[in-house]
Amino acid sequence: MTSALEFTGVEKRYGELAVLDGFELSVPRGEKLAIIGPSGSGKSTVLRIAMALEGIQRGRVELLGETLWDGAKRPPEKTLRRLRLHAGMVFQHFNLFPHMSALENVCCAPVDVLGVPRAQAQARGRELLEQVGLADKADSAPEQLSGGQKQRVAIARALAMEPAVMLFDEVTSALDPEMVGEVLNVLRDLAARSDMTMLLVTHEMQFAGEIADRIVFMDGGRVVEQGPPEQLLSQPSEPRTQAFLRSVLQPGRQAPAQD
Amino acid sequence: MNFDWGYALETLPGLLSGLVITLQATVLGMLVALTLGLLLAVLRHAGGRWIGGAARHFIEFVRSTPLLIQLYFLFYVLPGLGVTLSPLVTGVLALGVHYAAYCAEVYRAGINSVPRGQWEAAASLGYPAGARWRRIILPQAIPPVIPALGNYLIAMFKDTPLLSAITVMEVLQVAKIAGAESFRYLEPLTLVGVMFLVLSLTASRLVRRLEARYGRQARPA
């Protein structure tokens, strides 16, 4: 079986700045993968490229065995759109649609993009809101919701498209500390019950260790070290991984830059 | 010079029928300006190098030439190209296109105020370009700029007397003819001024109400 995502020799630059440099990553289908690393290490860029929000300069990216990016060449808009349907993304800043209720946020894309009948999409939308613990907020406007609630709606919205690959981009970083737990609980539940491939860029080390099958540590646009959580988090072999984990797990000494 | 109330009353019916033409030109011109302006703004944003560039140059060109010259041009040159339109239609077209260029800039400000995350969320859900504009971007871009659009439409209303230059029987043209016949301009011109004053003030009040309703809507979610 082909893998869910395959990055081969990927180079991504913003002008002179190389964000990804010879980046290699292979993600088997169904894997729950956590990507950690200091800010500016290119973690979020990996997700944005997989979501076809950004292109690359060199290398190759495959999504479910189909070529998404092949060097700097931009695939036709039609191909991009078709491939985007295989992936879903949850953003650090939620990006809910402010002119729609929570329920409309969840069922608009199935109706507008897939042509699902509205009644059916709404019924499914209510199920998904219930799954993230927000059945009673269906008619609320995003501005009436707390950060944690917004992010749970955003997760339901992405799930409504039934993507094979879900990309979570620092989904708890913009939340007040007391709301992080409710979002992590939803993700924990999702990881346990679904066979979706999940990629999580996160600063929550303990959580990553709990739900991930594998953790990848990135620095300077490359994978520095990877392995099962128990090994990578407790006995990292690379000095850079050791230094990063020390600074994250003992924030008093040398706090990592947050973005 | 005394204000002759009897004469003023005499000219009033003619002026009111002229005012109807003025209002027709305003409403029709508004429809052209609002739709063409939106089209130009979207093309400018999404049209890529060639079409987007063409839209940008068209907007620039229209905004940089006087409305009166555009009116004369359409009125005297189009017939030579085999396009014969009534003076009113020519006037509506000129007003509409002229103000479409200004409205396009207003829409553009609204479009630019939609955060990038909204585009990315729509893309990540697989929205094709057309539906992305219709369902996600424009519903957020337009409400905050409705008051600004309203102000341009009031400005356009106050520009409709220019149509008298191409023989449209709008309210100023009627007043000029009445004045020329009786050699009294004070009364008809005063009445025309009062009509514009009353209607503009009413419209401004309406725009302020729209401001209260839409002005503070652009909030990120």
Side-chain angles (χ1 to χ4, degrees), chain A residues 44 47-48 50-54 77-78 80-102 104-115 140-145 147 149-151 153-154 157-163 165-169 174, chain B residues 34 38 41-52 106-149 210-221:
Chain A
S44 291
L47 299 193
R48 296 172 58 79
M51 191 65 250
L53 296 176
E54 288 183 38
E77 194 59 32
K78 241 174 141 178
L80 281 186
R81 254 187 56 215
R82 190 170 51 79
L83 288 176
R84 276 183 187 135
L85 293 179
H86 296 315
M89 187 155 179
V90 181
F91 300 87
Q92 182 178 356
H93 296 287
F94 331 128
N95 300 348
L96 289 186
F97 303 132
H99 57 299
M100 299 181 185
S101 70
E104 284 174 87
N105 263 283
V106 177
C107 64
C108 66
V111 173
D112 294 338
V113 179
L114 302 179
S140 301
E143 62 179 43
Q144 297 169 309
L145 301 176
Q149 291 170 334
K150 283 183 200 176
Q151 196 58 297
V153 173
R157 176 176 72 173
L159 288 175
M161 295 298 281
E162 299 180 359
V165 180
M166 271 281 259
L167 309 162
F168 297 91
D169 187 11
Chain B
L34 289 176
L38 183 59
V42 171
L43 284 181
R44 180 176 175 171
H45 198 283
R49 193 148 154 219
W50 294 107
I51 299 174
V106 173
Y107 284 123
R108 184 165 80 104
I111 291 166
N112 288 344
S113 75
V114 177
R116 198 167 67 132
Q118 294 289 310
W119 294 88
E120 292 181 347
S124 77
L125 291 167
Y127 269 86
R132 203 182 304 167
W133 280 102
R134 248 190 352 268
R135 298 278 295 129
I136 310 296
I137 304 304
L138 293 181
Q140 297 182 60
I142 293 178
V145 299
I146 285 176
L149 291 172
L210 290 175
E211 232 154 43
R213 181 156 167 209
Y214 294 111
R216 41 179 188 86
Q217 204 170 58
R219 296 184 202 128

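In what follows, chains carry the letters A, B, and so on, assigned in the order in which the sequence lines appear, proteins first and then strands, with residues in each chain numbered from 1. The shown structure was predicted, so the numbers you read here are calculated from the model rather than taken from an experiment.
- Atoms CE and CG, on Met51(A) and Leu125(B) in that order, are 7.5 Å from each other to the nearest 0.5 Å.
- The nearest pair of heavy atoms linking Gln118(B) to Pro98(A) is OE1-CD, 3.5 Å.
- Residues Phe91(A) and Ala121(B) approach most closely at CE1-CA, 3.8 Å, considering heavy atoms.
- Partner Ser124(B) forms a side chain to side chain contact (heavy atoms under 4.5 Å, CB included) with one of Arg84(A), Met89(A), Arg157(A) and no other, that one being Met89(A).
- Note that CD of Glu120(B) and CZ of Arg48(A) are 4.0 Å apart. Values are rounded to the nearest 0.5 Å.
- In this structure, Pro139(B) and Met100(A) have side chains that are not in contact, with every pair of non-hydrogen atoms separated by 4.5 Å or more.
- Interface remark: Arg82(A) contributes no atoms to any contact with chain B (heavy atom separation under 4.5 Å).
- Annotation: residues 127-136 of chain B contacts chain A through Tyr127(B), Pro128(B), Arg132(B), Arg135(B), Ile136(B) [non-hydrogen atoms, separation under 4.5 Å].
- Ranked by heavy-atom pairs shorter than 4.5 Å toward chain B, the options Leu83(A), Leu114(A), Val113(A) are led by Val113(A).
- The number of heavy-atom neighbours closer than 6.0 Å to CD1 of Ile51(B), taken from other residues, nucleotides and ligands shown, is 12 or below.
- For the options Leu85(A), Asp112(A), Leu80(A), heavy-atom pairs under 4.5 Å to chain B are most numerous at Asp112(A).
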